[in-house]
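All remarks here apply to the structure that follows.
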Amino acid sequence: MASSIKAWVGLQSHAEEMQAIHLKNLFDSNEDRFGTFSFSFSHYLLDLSKQRITDETLSKLLLLADQQGLEAWISKLFNGEKVNYSEQRAALHTALRLPEDAPLRVEGQDVAHDVQASLLKMHGLVEQIQQAQWRGFDGSPIRSVVNIGVGGSNLGPLMACAALEQYAGADIRHLDVHFVSSMDGSELEKLLPSLDPSTTLFIVASKSFATVDTLANANTARQWLLTASHQSIDLINQHHFIAVTARPDQALTWGVPEKNQLLLWDWVGGRYSLWSVVGLPIALKIGMQNFREMLAGAHAMDEHFRCTPFEKNLPVLLALISVWNINFLNIHAHAILPYDGRLAQLPAYLEQLEMESNGKSINRQGDRIEYRTCPVLWGQVGSSAQHAFYQLLHQGTEPVMCDFIASATRYESEAPQLKQQHQLSLANCLAQSRLLAVGDSLSDSKEQGSNYKHYDGNQPSTTIMLDTLTPETLGGLIAMYEHKVFVQSVIWDINPFDQWGVEQGKKAASSLLTALKNGGNDDLDSSTNGLLRYVKDWQQRTES
Ligand code: F6P
């Protein structure tokens, strides 16, 4: 049990002392708190000085990491041991971003070679499409690509395409890349009328090739093509569908021929898969070279994580601070606040990465744990959130830890007005984290008199600063969060690579489909039956 180890107990008593100390006092007592608690590596700066910590806190947390065997766990992860014990699988997303010549064999399998071979096939498809050699049913070159996928088969590519749009530059043929994920068809309904069927290519991205959301959207898309083209289903499958999957048999049964399939492996978790062929939309949007730079940025962060002493190791520090807040300061909400519109999709991406990985309450021995694990995580572009939920951060009753994420430079060769907007955004980012930390002490004395104008402060935050946002630094940033999640899982003694909690819901939905038709079912609770009857009544009324 993590909570019975010595370092945990030591942190508990240290936290009792720290609960009484305001961040403002911590700043007052150390003029160079930033120097003491900011850490940098390559393009990244991690400022932990606005966290409610002292030197003692950090050394106790580092002791906790040691006592939980973090070093050994990192080796297991990178060496391809079955760290996902409930599914008896490795979690080798780090292998996906190894440099071309790096060797990796796991249980006799040349993993490094397999990864490079799959990247090569992906590269071939990207070139075919980019060079207008991939043609639609009437011989027109493909202009629009629609990625159909959900969860990890959607959020990573969606986030990266939005973040790196500016890299869809001059030397890359422009392709419109769209993303469709919602089960109810809302996105397709809106998107399809704007597309030309003969120039549209669909990527069906599903590791399992069994996710109903994705298959329902793929079926709707294929029917749209069949109706518009009057061609055979085989021809449509060949010219308009690529499958990205770990289940080639299932994709073939659905109709995607082998030459249109890009494969991943069981050891790539869905939420860790944007580095694999799941990243195809990213490569189509920004080009293969830029995609490889994203992989290289992630690899550099992997090496930093693997080789750097924990006291200077960015993902380790990020994780330990979060554990401190959750388990010792009792802060169970975490806001992700990028001050950069290009990172608008980052909070949703991290919601899956963190909450699907660490939203667990059973430890590796199969026992229920008695301490908190993953907090509720949410977020939005910070400057927009300032006009929405920041009120709660500043004056609510809920303690919240925040990650402020920004890049120091932007718009180097753009209009001065845009550069000024970047400055404005940075100023807001820094002003907000400062106000959250020190509270009222910033206000003038007149305002301090009114209770409703009172700012407690003492909300801890981390600022992650990139020198600038590029494919490489985005790769490093995401890898940093992935490793943070892993470190937390080690401290909490849970498996971050399975997601059994989502399976029951899928099964329950399939039995409710029949109940929906019948307007109820004796085995169900009265709420569900009442809602089913309501739906059936309305559906009958609109049909008649
Ligand atoms: O339902 C959860 C989940 O399994 C995620 O873990 C995964 O990223 C998503 O569904 C999509 O799964 P697939 O790629 O197999 O369609």
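Both ligands and their constituent atoms are indexed starting at 1 by order of listing. These values consider heavy atoms only, across backbone and side chains, with no hydrogens, waters or symmetry-generated copies.
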Is the closest N or O pair between [X] and ligand 1 shorter than 3.5 Å?
X	value
Glu503	no
Gly152	yes
Thr214	no

Checklist entry - Does the separation of the ring centres of His304 and Phe41 fall below 6.0 angstrom? => result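 Centroid separation for His304 and Phe41: below 6.0 Å.
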Next on the checklist: Between Phe497 and Tyr272 (judged by ring centroids, cut-off 6.0 Å), do the two rings come close enough to count as a pair?
Outcome noted: yes
Next on the checklist: Distance under 4.0 Å to a non-hydrogen atom of Thr211: what atoms of ligand 1 satisfy this?
Outcome noted: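 Near Thr211, the atoms of ligand 1 are 12 (O), 13 (P), 15 (O), 16 (O).
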Next on the checklist: If the cut-off is 4.0 Å to any non-hydrogen atom of Val502, which atoms of ligand 1 fall inside it?
Outcome noted: 1 (O), 2 (C)
Nearest to [atom], what protein heavy atom do you find, and at what distance?
atom	value
atom 10 (O) of ligand 1	Lys506 NZ, 4.4 Å
atom 2 (C) of ligand 1	Glu356 OE2, 3.4 Å
atom 15 (O) of ligand 1	Ser208 OG, 2.6 Å

Item to check | Nearest heavy atoms of Leu188 and Ala221, plus distance in Å | outcome: CD1-N, 4.2 Å
Item to check | Closest to atom 9 (C) of ligand 1 (judged by heavy-atom distance), picking from Leu264, Thr245, Val150 | outcome: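 Considering heavy atoms of Leu264, Thr245, Val150, the nearest to atom 9 (C) of ligand 1 sits in Val150.
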Next on the checklist: Which residue in the set Leu466, Leu343, Leu346, Asn290 passes side chain to side chain contact (heavy atoms under 4.5 Å, CB included) when paired with Leu474?
Outcome noted: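 Of the listed residues Leu466, Leu343, Leu346, Asn290, the side chain to side chain contact (heavy atoms under 4.5 Å, CB included) partner of Leu474 is Leu343.
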Checklist entry - Do the rings of Phe305 and Phe78 sit parallel, tilted or perpendicular, given the 30° and 60° boundaries? => result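 Taking Phe78 first and then Phe305, their aromatic rings sit tilted (interplane angle of 30° to 60°).
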Next on the checklist: Would you call the rings of Trp265 and Trp267 parallel, tilted or perpendicular, taking 30° and 60° as the class edges?
Outcome noted: parallel
Checklist entry - For Asp498 and Lys360, what are the C-alpha separation, side-chain angles and deciding distance, and is it a salt bridge (charged side-chain N to carboxylate O under 4.0 Å, His left out)? => result CA-CA 10 Å; Asp498 60 10; Lys360 312 276 166 69; 2.9 Å; yes
